[in-house]
Amino acid sequence: MLKVDMNKFCSYELDEIKVSNFIFIIFGGMGDLSTKKIIPSLFNLFKRNKLKKTFEIILHGKTKRSNEMCYEVIKKNILKEDKEEFDVELFEKFYKNISYYDENIEEPEKCKILKSIVDKFNNSSEEENQIIFYLAVPPDLVLKILKIIENTKICKKGINKKIVMEKPFGTDYNSAKKLNKELMKNFKENEVYRMDHYLGKETVQNILFFRFGNLILEPIWKREYIDHVQITISETIGIENRGEFYDKNGIIKDIIQNHMLQILSIICMEYPINFSSNSIRDEKLKIFKSIKKIEKKDIEKNIVLGQYGNGKILGENVVGYLEEKKIPQDSKTATFFAGKIFIENWRWSGVPFYLRAGKRLKEKLTEIVIIFKNPPLNLFGNNCSKIFPNRVIFTIQPEEKIEISMNVKYPGDKNYPHPIKLTFDYSNLNSKIHLNAYERLILDILKGDLTLFTREDEVESMWEIVAPIIEASEGSIQIQEYSSGSWGVKESELLIENDERRWSRHEDN
Ligand code: BG6
């Protein structure tokens, strides 16, 4: 076990954070994302005494709902998430700051409620106030909501305003470009927080600290020493109650275009000149720009797509994708992706990156495995013909850990090299300041730190990367069925095995 004495170098108190008074307006306020992630995270920040200032949370939705209904839904979701003891009194205190408004946003001109809230905000005497518009809605509603915000005329005034956009940002390159243009009519780029909750996960951020805080890694973090890289984002859940959204988006727009590419860029980026948001995002962008475009002729060879059929997850029978609610019988939407890509820059040229993601797979697992080349000679004779290659493994979920696998001599009179692991496991830190992804990102929004959010040029570039895959998924690539509870489409094994490699974790992790 790699022992870390956390107290030796820094003090890790979650210090007093300067957050000014704020109004937090959530569009799609009673939707799944808001009630399961955003509001519980705001509550947790409140509980940790992070929201000391005056604040109001305004939930905006289309459906008529009584205050009691909202109260019950929110309380139920917080109770589900709250692993520590639920404090009703504290919740009541928090809930006093919440209100719900319904309005039909189909006719933005007629939406007056937001205007009255904004007017109230404008007339308040506090100088430090900030207003946050959080769009937790599907992409097709975004432009209408931007219109409603524009109609309030708030953006013309020099006030502290921010807008948070959930992923997917647009539905393709052109729509993302258009959306960026629309946003820029009323907001500046440094007021736009494009969410990708994977960037808020501790272990994803830790990749940067691990890479750039340990000089011993730098000389080997490149094509001369790294054989290949694997990134897996596998889920056991299906599409749950999100049939309508999912069928329009599928795995490529839901996971690959955002979470997968963001992780990839952090693994591969060069050293930023400093730790400012733009320096980091500049380097990530260079990676997106260097990803080799997959030619039409190679797409079938390098990309595998699938859709889950029925099967068993953790011993329970589950239905196939086509039997899920709100899914058309002839849907060709992919729920599984496996692909091989290359980054054509000095550091990574020639190193294959194998990426796979899917729903209803065998395990919930997000991990990145860096597999190093074998030593040039087998010095240890015939006792062991193959030495296990060194690996660095970042496990993002279900556990949060970083492992380095090395070889040592197995005790005895034979020359047996034996693989062992040096492990850093977050659960051993016993940290009381661990924030979940949404808590961390919401805190960053309130503080005004853009580092963990996607910039305009990044998001457009990421759409350019997936464009040929989306096109192929609508035509040339066959979407193959796989059984729920398996590791996805069989061809994804061949994709890597044909290169004489195999997916990590199948049996050896
Ligand atoms: C979301 C996707 O962005 O990420 C979901 O829309 C997916 O389909 C989820 O289930 C996975 O997030 P996590 O944090 O559970 O890995």
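Start at 1 and go down the list; that is how both ligands and their atoms are numbered.
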Checking Glu202 against His434: is there a side-chain donor and acceptor pair closer than 3.5 Å?
no
For atom 12 (O) of ligand 1, the closest protein heavy atom turns out to be His197 NE2, 3.2 Å
Note: Lys185-Glu182 ion pair, threshold 4.0 Å (strictly below)
yes
Could you find the nearest protein heavy atom to atom 14 (O) of ligand 1 and give me its residue, atom name and distance?
Lys201 NZ, 2.6 Å
Can you sort out which atoms of ligand 1 are near Lys167, meaning under 4.0 Å from one of its heavy atoms?
1 (C), 2 (C), 3 (O), 6 (O)
What protein heavy atom sits nearest atom 6 (O) of ligand 1, and how far away is it?
Asp254 OD1, 2.6 Å
Run the side-chain contact (heavy atoms from CB on, under 4.5 Å) test against Ala357 and tell me which residues pass, sequence neighbours left out.
Ile233, Ile251, Ile255, Ile256, Met260
Would you kindly check if the NZ (Lys) or CZ (Arg) of Arg194 is within the cone defined by 45 degrees around the ring axis of Phe169 and under 6.0 Å from the six-membered ring centre?
yes
Lys359: numbered ligand 1 atoms lying under 4.0 Å from its heavy atoms:
5 (C), 7 (C), 8 (O), 10 (O)
Nearest non-hydrogen protein atom to atom 15 (O) of ligand 1, with distance, is Lys364 NZ, 2.9 Å
For Asp457, is there an ion pair with Arg455 - N to carboxylate O distance below 4.0 angstrom?
yes
Backbone or side-chain N or O of Tyr246 under 3.5 Å from ligand 1 N or O
no
Check side-chain hydrogen bond (donor to acceptor under 3.5 Å, both in side chains) between Lys286 and all other residues, then give those that pass, not counting sequence neighbours.
Glu283
Nearest to atom 11 (C) of ligand 1, what protein heavy atom do you find, and at what distance?
Glu235 OE1, 3.6 Å
